[in-house]
Amino acid sequence: MPDTYQVQPVSAPLNGTVRPPGSKSITNRALVVAALAEGQTELTGVLDSRDTQVMIESLNRLGIQVDHDPENCSVVVQGCGGRIPATEASLWLENSGTSIRFLTALCSAGQGEYVLDGNDRMRQRPIQDLVDSLQQLGVDVACEEGTGCPPVRVKARGLKGGETSISGSVSSQYLSALLMVAPAAMGPTSITILGEMVSKPYLDITLGVMAQFGVTIDRVQNDVWRIQPQTYQRPGAYDIEPDASAASYFFAAAAITGGSVTVEGLNQDALQGDINFIRVLEDMGCTIKRDRNSITVQGQPLKGIDVDMNDISDTAQTLAAVALFAEGPTCIRNVGHIRHKETDRLAAISTELRRMGIQVEETEDSVTIYPGEIQPAVIETYDDHRMAMSFALVGLKIPGIQIADPGCTAKTYPRFFDDLERLCGQTS
Ligand SMILES: O=C(O)C1=C[C@@H](OP(=O)(O)O)[C@@H](O)[C@H](O)C1
Ligand SMILES: C=C(OP(=O)(O)O)C(=O)O
């Protein structure tokens, strides 16, 4: 990949069809659950990207055989039946939040000593709440003293079960991690959720994948969940739907250029909450056609909106790009937690919009965007795949938009720019 990517403006509204790669969130859950299951599972529609590669490499290091066939988007996992083979391992999770959080819980069910670490940014991303919760279950686990961040050291003697509580005010991934590993405990586990949970729809993905592998959870009260010891049953083959967050870029491309883009392999009943980005576009004026196995967004004149994006915050940057082409301001609110992601995303949105000459108001948990004349710019991406993919959309309409470090999309979508170019090519 070159140092910067020059986006070519389209000469006409985009019209075309695209199928994004498999869901990152489902792939990384299915890998963990298949690893804990009894016997062999085949996963299809698997995402091949840095976030899933570090998950697969780490499972292999834990002694779980995972055979990856990227050409066919498939993986075969030899499940360990809840008994992690490796008694020591050093795991490199780069900047994959799902991987380090899910595997910290998984390692806690092992017998041995494990270290989980990542890149410089990962060493700034909080994991203390999960560590505290595992400690309440008797696990000897700690993160880097005084930071609340990786590296994490786990000295595990199997999970006994018991009672614990978890805060979800920073990330829902902590609760997802606990839920997925709790069935492997020796006794029942009861989890009390403290306060408001961010990114709630991701919990539905967790429960959905667990249910596919035959495991159920009792929600004994609204904020208390109980999990009995259970063995995940392999579902035979498990097919993973395309990534709904990735789909948001193509839906947005239709909205921005006034064209019509169809995303195949997803429908309104998708397991991923980010599918509801189409409702945001609908509120802005787009027409949505919902079919059994595809969704089409037809761009229309857009109006700015005021929207709570807490549930679907991975699409906040996509909306920031769309907002530039709307009549009136757009406020993206209740997304303070996106300051803890690949970069401080609220700061990154504001800085890069201002670089293009746009007026922005940023608060602790929101950003308001005032559309205006857009200046050509080289957009900094802060090693955040979603900055690159979202801000590239601006260049479909405005000449002179360049994306710095386009290779950072490898985290979840290595071929993003190829797919975007192919979509643009369908129009001409
Ligand atoms: O559980 C998941 O698969 C994810 C949960 C979300 O994180 P938070 O719960 O930290 O917001 C989301 O941003 C991330 O991309 C994937
Ligand atoms: C926040 C993200 O990822 P993670 O937390 O899994 O690193 C993302 O993909 O936008």
Side-chain angles (χ1 to χ4, degrees), residues 1-14 248-259 261 277 280-281 284-286 299-307 309 315-333 335 338-339 341-363 366-409 416-417 420-421 423-424 427-428:
M1 272 274 178
D3 288 350
T4 60
Y5 179 89
Q6 173 98 40
V7 189
Q8 295 303 326
V10 291
S11 51
L14 272 187
S248 76
Y249 307 115
F250 303 116
F251 294 140
I256 288 173
T257 66
V261 172
F277 183 69
V280 178
L281 293 180
M284 295 179 87
C286 293
Q300 302 290 349
L302 302 168
K303 53 178 188 296
I305 49 168
D306 185 319
V307 57
M309 298 281 281
T315 61
Q317 290 142 298
T318 325
L319 179 57
V322 176
L324 301 183
F325 302 95
E327 183 72 37
T330 287
C331 179
I332 302 171
R333 62 174 72 251
V335 288
I338 72 175
R339 294 191 185 277
K341 307 234 177 207
E342 282 75 341
T343 184
D344 175 339
R345 284 181 172 164
L346 279 173
I349 289 172
S350 304
T351 307
E352 298 313 308
L353 289 179
R354 286 181 185 133
R355 196 188 297 283
M356 294 190 292
I358 300 296
Q359 190 196 332
V360 180
E361 275 166 20
E362 183 188 336
T363 71
S366 74
V367 60
T368 304
I369 299 158
Y370 297 87
E373 198 184 327
I374 303 170
Q375 309 297 333
V378 179
I379 302 297
E380 292 302 326
T381 48
Y382 312 93
D383 206 14
D384 181 355
H385 52 143
R386 299 202 191 283
M387 284 304 291
M389 295 189 279
S390 302
F391 278 70
L393 301 172
V394 180
L396 295 176
K397 281 286 269 198
I398 308 296
I401 299 296
Q402 294 182 53
I403 303 297
D405 186 22
C408 69
T409 68
F416 172 74
F417 287 104
L420 186 64
E421 283 176 17
L423 183 65
C424 293
T427 305
S428 52

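Just so it is clear, the structure is predicted and the values come from calculations on it, not from any experiment. Just so you know, residue 1 is the first one in the sequence shown, and it goes up from there.
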*Side-chain contact, heavy-atom cut-off 4.5 Å: Thr343 with Asp383?*
no

*Under the salt bridge (Lys or Arg N to Asp or Glu O under 4.0 Å) test, which residues partner Arg355, sequence neighbours left out?*
Glu352

_Distance in Å, Gln402 CD paired with Asp3 CG, rounded so as to fall on 0.5 Å steps_ = 10.5 Å

*For the pair Phe391 and Ile403, evaluate side-chain contact (heavy atoms from CB on, under 4.5 Å) and give the outcome as yes or no after the intermediate values.*
CA-CA 7 Å; Phe391 278 70; Ile403 303 297; 4.1 Å; yes

*Say whether Tyr382 and Arg345, considering side chains only, have a donor N or O and an acceptor N or O under 3.5 Å apart.*
no

*What heavy-atom pair brings Val360 and Arg354 nearest, and what distance separates the two atoms?*
O-NH2, 2.9 Å

*Does the side-chain contact (heavy atoms from CB on, under 4.5 Å) test come out yes or no for Val280 and Thr315, once each step is laid out?*
CA-CA 10 Å; Val280 178; Thr315 61; over 6 Å; no

*Gln317 side chain near Ile338 side chain, heavy-atom distance below 4.5 Å*: no

*Can you name the nearest heavy-atom pair linking Pro329 to Pro371, along with the distance?*
CA-CD, 3.9 Å

_Just verifying a value: how many Å separate Leu319 CG and Ile332 CD1, rounded to the nearest 0.5 Å?_
4.0 Å

*Please examine the side chains of Ile369 and Leu324, heavy atoms only from C-beta on, and report whether any two atoms are closer than 4.5 Å.*
yes

*Where is the tightest heavy-atom contact between Leu346 and Val335, given as atom of each residue plus distance?*
CD1-O, 3.8 Å

*Nearest atoms (heavy-atom pairs only) where Val7 meets Ala392*: CG1-O, 3.4 Å

*So, do Leu302 and Cys286 sit near enough that their side-chain heavy atoms are less than 4.5 Å apart?*
yes

*asked:* For Tyr5, give me all partners under ring pair (Phe, Tyr, Trp, His ring centres under 6.0 Å), at least two apart in sequence or on another chain.
replied: Phe417

_I'd like to check Thr351 versus Glu380 (side-chain heavy atoms, cut-off strictly below 4.5 Å). Are they in contact?_
no

*Taking ring pair (Phe, Tyr, Trp, His ring centres under 6.0 Å) as the test, write out the residues that go with Phe251, two or more places apart.*
none

*Distance-only, no hydrogens or angles: does the Ser390 side chain make a donor-acceptor pair with backbone N or O of Ala321 under 3.5 Å?*
no

*Run the side-chain contact (heavy atoms from CB on, under 4.5 Å) check on Arg333 and Thr363 step by step: do they pass?*
CA-CA 9 Å; Arg333 62 174 72 251; Thr363 71; over 6 Å; no

*asked:* Applying salt bridge (Lys or Arg N to Asp or Glu O under 4.0 Å), can you list everything that pairs with Glu421, at least two apart in sequence or on another chain?
replied: none

_Atom pair CG (Leu423) and OH (Tyr249), whose distance is rounded to the nearest 0.5 Å_ = 15.0 Å

*Any idea which heavy atoms bring Lys397 and Thr257 closest together, and the distance?*
CD-CA, 4.3 Å

*Excluding sequence neighbours, so at least two apart, what forms ring pair (Phe, Tyr, Trp, His ring centres under 6.0 Å) with Phe250?*
Phe416

*Test side-chain contact (heavy atoms from CB on, under 4.5 Å) applied to Cys424 and Leu14, step by step*: CA-CA 6 Å; Cys424 293; Leu14 272 187; 4.0 Å; yes

*Pairs flagged by side chain to side chain donor-acceptor pair (under 3.5 Å) wherever residues 318-329 is involved - sequence neighbours left out*: Ser248-Thr318

*To the nearest 0.5 Å, tell me how far Ile349 CD1 sits from Met387 CE.*
6.5 Å

*asked:* Less than 4.5 Å apart, side chain to side chain, heavy atoms only: is that true for Ile379 and Met356?
replied: yes

*Which heavy-atom pair separates Ala404 from Thr381 by the least distance, and what is that distance?*
O-OG1, 2.7 Å

_Spatial distance of atom CD1 (Ile401) from atom CD (Gln8) [nearest 0.5 Å]_ = 12.0 Å

_Separation of Asp384 CG from Glu342 CD (nearest 0.5 Å)_ = 5.0 Å

_A side-chain contact here means heavy atoms from C-beta on lying under 4.5 Å apart; do Pro9 and Ile398 qualify?_
no

